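I have placed the structure first, in the form of structure tokens, so that the comments after it can refer back to it.
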2 protein chains.
Amino acid sequence: MKEQTRQLGRPPAGRPSPTLEDLATAAGVSRSTASRAINGGLKVSPQAQAAVDAAIVALGYTPNRAARSLVTKRTASIALVIPEPDARVMMDPFFAAVITGVNEALRGTDMQLVLLMSRAGDDSARTMRYLRGGHVDGAIVVSHHRADDWAETLARTGLPTVLIGRPWDTGLGVPFVDLDNFEGGRLAARHLASIGRSNLGTVAGPADMTAAADRLEGWKQGLREAGLRPGPVSHGDFTTAGGADAARNLLAEVPELDGVFAASDLMALGVIETLRSLGREVPRDVAVVGFDNHGLTAGNGLDLTTVTQPMVDMAVTAGRLLVRRIEDPETSTEPVIYPAELVVRASTAGLPPKRREGSS
Amino acid sequence: MKEQTRQLGRPPAGRPSPTLEDLATAAGVSRSTASRAINGGLKVSPQAQAAVDAAIVALGYTPNRAARSLVTKRTASIALVIPEPDARVMMDPFFAAVITGVNEALRGTDMQLVLLMSRAGDDSARTMRYLRGGHVDGAIVVSHHRADDWAETLARTGLPTVLIGRPWDTGLGVPFVDLDNFEGGRLAARHLASIGRSNLGTVAGPADMTAAADRLEGWKQGLREAGLRPGPVSHGDFTTAGGADAARNLLAEVPELDGVFAASDLMALGVIETLRSLGREVPRDVAVVGFDNHGLTAGNGLDLTTVTQPMVDMAVTAGRLLVRRIEDPETSTEPVIYPAELVVRASTAGLPPKRREGSS
DNA sequence: GATCGATCTGGGAGCGCTCTCATGTACCGA
DNA sequence: TCGGTACATGAGAGCGCTCCCAGATCGATC
């Protein structure tokens, strides 16, 4: 109770850093000129510029961001919103890639990355308040369960926003960066069909995520095109354990399974684990295709055929797009869709299948 | 060139958010009273408090951080400095855990996490300038290469700092959180000895990192205590590929190798990969102990014996410690060392070794 | 030689907040 | 009734910066 009024804490100890006033005095110019010199030097004489530059070095001057942003209304920072429980962030290289990519996009800018990990419920309200509070100039939001309404809410606040991954509602004018997940699923189906597999099943992602839904739709389409029957679908949660469980479901439904498409590499890992533990060999008995192409399967003694998802590149693009939209809100809101590509490796090595069936 | 003077960008569009003045007017009190009500309500009458609270909700008021921090000299944000090339961050769950943990520690605070990933050279100067510029209230620095002098430099600036991982120079008065790496290495050695292995080698981490050095020293000490000869040491870079290469070196030096301690789980994975590709079975021919205990080895069909490193907990502790030090710079700078524990799993299953040798 | 840009400069206001200080109000005991 | 002591309040200054605007300087032009 007694500390209540001190909740903002005491100011830091050390000696105060030089102000613009100090800088101007040291350079022998006015505060205004010093300010101009710092911010790009338009209408500043070469001598004044040089004097200011020298003084900056001499004093070790750094502009006070708070003061600057108080008047410019800009904070020189953007938020990366990761609306997932933390445990998931830990294990999924996807988020690491996103962080890396966004950071990379900010290189050369003076922008900083503020990380907002927001869990369920109340926490997300807090996050939302922070975003609306003008504490950042823009936001990149990752992921999109059907339930969360980030896209919609942010669209209304007018805060420049870029999504990574297609939102359920694309009519909000919020640009997004995504992979062609549909095509990825389709490629997986066609590939498995092309190596002669016909009893195919898929471990899809959570049904409330667009990426998962798109991959599944593409998969079905691919099967249709190859003249194969739809086959069983089991949903996992993108984790290894989830994949392992889902694989058991598939086998229960179709014991003669000879090909599986898992909507993430992690789930593919789980699938392989289950298959092996049940005595099926990969790829001889069952061929497996994953999704993501992060190198995690290296230690597995089996290279995984997978659909590439250039996560870092996508995040870089999202970051750059956001910066552009902050500078110029009129920038196009066209989504950026990366093409999906299949990387064929050992887990679908072209061994002849046990028996052939109608490739139509 | 023409845009030079506009580098700060234009102010955001939308309607301006309510100010404290607006809030005070709406609540029928003065700005001062409104401010007090917001900051803990000491010396504010219940009526005034209630009026302000209501107005906050009604207006959707959020304090302007810039204005606040301009006067308080506090920014309500801390930096997490990760001085590693980004590629490494991507693959190593260690950093994901750190981010998660620090974030967790900030929960309940109004502090935000600013992520500073700084690469070699010039970039680290920029980062340093940012940290000294008073843009954050404190910093958590992950790292520990001998070359970087973060600890020293930051200690001099007076910015509250907490390190994750012991720095080479512990005499700077900068607190750190670390695992008892020495004991971890020692436990690995004693365990391998205890299951009867005697031709032991280790894949150590980079020689310029304290964690790697400590684990190696502990390992040597453990071997001495078990009456075993030192055995070969090969250095890896904490990655799977590095572990795989290092394992080849060990085998070249000691073909009869029957136990390996790898200083990270990722390297242990590489070691196992190499061993298997050369026809050695794990654990029958060679027992393998890892370090970190992150669940990545699950998909491997082999559970890894490893030394636990509660990374998330450690990061939480570091975060809390930093917050405490920001609030009260007099807080103890005692390091926090987590005990190392060995988790025995299948990769060192107690099969009888091929032949016994002096367990002294 | 006077006029007109074009270029550069400094004064000053004000961003939204916190915090000091002086003042106002209520209630105690004398 | 009066001084004293709490507590509650509002006025005002000022944090460090940007940016508007008015003034100064300098050629070039009429």
Side-chain angles (χ1 to χ4, degrees), chain A residues 1-2 4-12 16-52 56 59 61-76 110 133-135, chain B residues 1-2 4-12 16-52 56 59 61-76 110 133-135:
Chain A
M1 267 317 210
K2 78 179 234 291
Q4 252 188 335
T5 200
R6 290 244 39 104
Q7 79 174 42
L8 296 175
R10 70 207 62 197
S17 45
T19 73
L20 185 58
E21 192 74 58
D22 301 336
L23 182 73
T25 308
V29 299
S30 75
R31 203 177 59 250
S32 306
T33 301
S35 174
R36 272 189 293 264
I38 286 169
N39 295 307
L42 205 56
K43 301 209 176 183
V44 174
S45 67
Q47 311 85 287
Q49 182 73 55
V52 172
I56 288 174
L59 299 183
Y61 172 78
T62 326
N64 180 317
R65 264 174 124 87
R68 173 178 281 180
S69 94
L70 180 57
V71 34
T72 59
K73 309 286 186 210
R74 310 230 300 109
T75 64
D110 69 335
H135 303 314
Chain B
M1 264 322 209
K2 78 178 234 291
Q4 251 187 336
T5 201
R6 290 244 41 103
Q7 79 176 42
L8 296 176
R10 70 209 61 198
S17 44
T19 71
L20 184 59
E21 193 73 56
D22 300 335
L23 181 73
T25 307
V29 299
S30 75
R31 205 175 56 245
S32 308
T33 301
S35 175
R36 272 188 294 264
I38 287 169
N39 296 307
L42 204 55
K43 302 209 176 185
V44 174
S45 67
Q47 311 85 288
Q49 182 74 53
V52 172
I56 289 176
L59 298 183
Y61 172 79
T62 326
N64 180 317
R65 263 174 126 86
R68 174 179 278 179
S69 93
L70 180 57
V71 33
T72 59
K73 310 286 185 209
R74 310 227 302 107
T75 63
D110 69 336
H135 303 315

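Predicted model only: the values in this text are computed from it and were never measured. Here is how names work: the chains are called A, B, and so on, in the same order as the sequence lines, proteins then strands, and each is numbered from 1.
For A/Thr19, the side-chain atoms get nearest to D/dG16 when compared with the rest of C/dG16, D/dG16, D/dT18. Closest to the A/Arg68 side chain, of the nucleotides D/dG16, C/dC17, D/dT18, is D/dT18. For B/Ser35, counting side-chain heavy atoms from C-beta on, the closest listed nucleotide (C/dG16, D/dT18, C/dT18) is C/dT18.
Close to D/dT18, at under 4.0 Å from its OP1 or OP2, lies no side-chain N or O of A/Lys73. For B/Asn64, no side-chain nitrogen or oxygen approaches OP1 or OP2 of C/dC15 to under 4.0 Å. A sub-4.0 Å separation between OP1 or OP2 of C/dG16 and a side-chain N or O of B/Tyr61 is absent.
Spacing between atom CG of B/Leu20 and atom C1' of C/dG16 amounts to 8 Å, rounded to whole angstrom units. Rounded to a whole Å, the CD1 atom of A/Ile38 is 12 Å from the P atom of D/dC19. Taking atom CZ on B/Arg74 and atom P on C/dC17, their separation rounds to 17 Å, with Å as the unit. C/dC19 atom C1' lies 10 Å from atom CG of B/Asn39, rounded to whole Å. The separation between A/Gln49 atom CD and C/dC8 atom C1' is 13 Å, rounded to whole Å. Per the geometry, CG belonging to B/Asp110 stands 15 Å off P belonging to C/dC17, to the nearest Å. Distance, B/Leu23 CG to C/dC17 P: 9 Å, rounded to whole Å. Following rounding to the nearest Å, A/His135 (NE2) and C/dG16 (P) show an atom-to-atom distance of 14 Å.
Side-chain N or O atoms of A/Gln49 include one that pairs as donor or acceptor with a backbone N or O of A/Ala37 at under 3.5 Å. For B/Asn39 (side chain) and B/Arg36 (main-chain N/O), no donor-acceptor pair under 3.5 Å exists by modelled atom type. The main-chain N or O of B/Ala76 is found under 3.5 Å from a side-chain atom of B/Arg65 such that the two form a donor-acceptor pair.
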Check the pair B/His135 / A/Asn64 against side chain to side chain contact (heavy atoms under 4.5 Å, CB included), numbers first and verdict last. CA-CA 8 Å; B/His135 303 315; A/Asn64 180 317; over 6 Å; no
Determine whether B/Leu20 and B/Ser35 satisfy the following criterion, side chain to side chain contact (heavy atoms under 4.5 Å, CB included), listing intermediate values before the conclusion. CA-CA 7 Å; B/Leu20 184 59; B/Ser35 175; 3.9 Å; yes
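Residue order along DNA chain D, read from the 5' end via each residue's closest nucleotide, puts B/Pro46 first among A/Glu21 and B/Pro46.
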Give every donor-acceptor pair under 3.5 Å between a side-chain atom in residues 24-34 of chain A and any protein atom, sequence neighbours left out.
unit_1, atom_1, unit_2, atom_2, d
A/Thr25, OG1, A/Glu21, O, 2.9
A/Ser30, OG, A/Ser32, N, 3.3
A/Ser30, OG, A/Thr33, N, 3.2
A/Ser30, OG, A/Thr33, OG1, 3.3
A/Arg31, NH1, A/Glu21, OE1, 3.3

N/O contacts under 3.5 Å, protein versus nucleotides 9-12 of chain D?
unit_1, atom_1, unit_2, atom_2, d
D/dT9, OP1, B/Ser45, OG, 2.9
D/dT9, OP2, B/Ser45, N, 3.1
D/dG10, OP2, B/Ser30, N, 2.8
D/dG10, OP2, B/Ser30, OG, 3.0
D/dG10, OP2, B/Thr33, OG1, 2.9
D/dG10, O5', B/Ser30, OG, 3.4
D/dG10, N7, B/Arg36, NH2, 3.1
D/dG10, O6, B/Arg36, NH1, 3.3
D/dA11, N7, B/Ser32, OG, 3.3
D/dA11, N6, B/Ser32, OG, 2.8
D/dG12, N7, B/Arg31, NH2, 3.3
D/dG12, O6, B/Arg31, NH2, 3.1

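Across all non-hydrogen atoms, the minimal contact from B/Leu23 to B/Ile56 is CD1-N, 3.5 Å.
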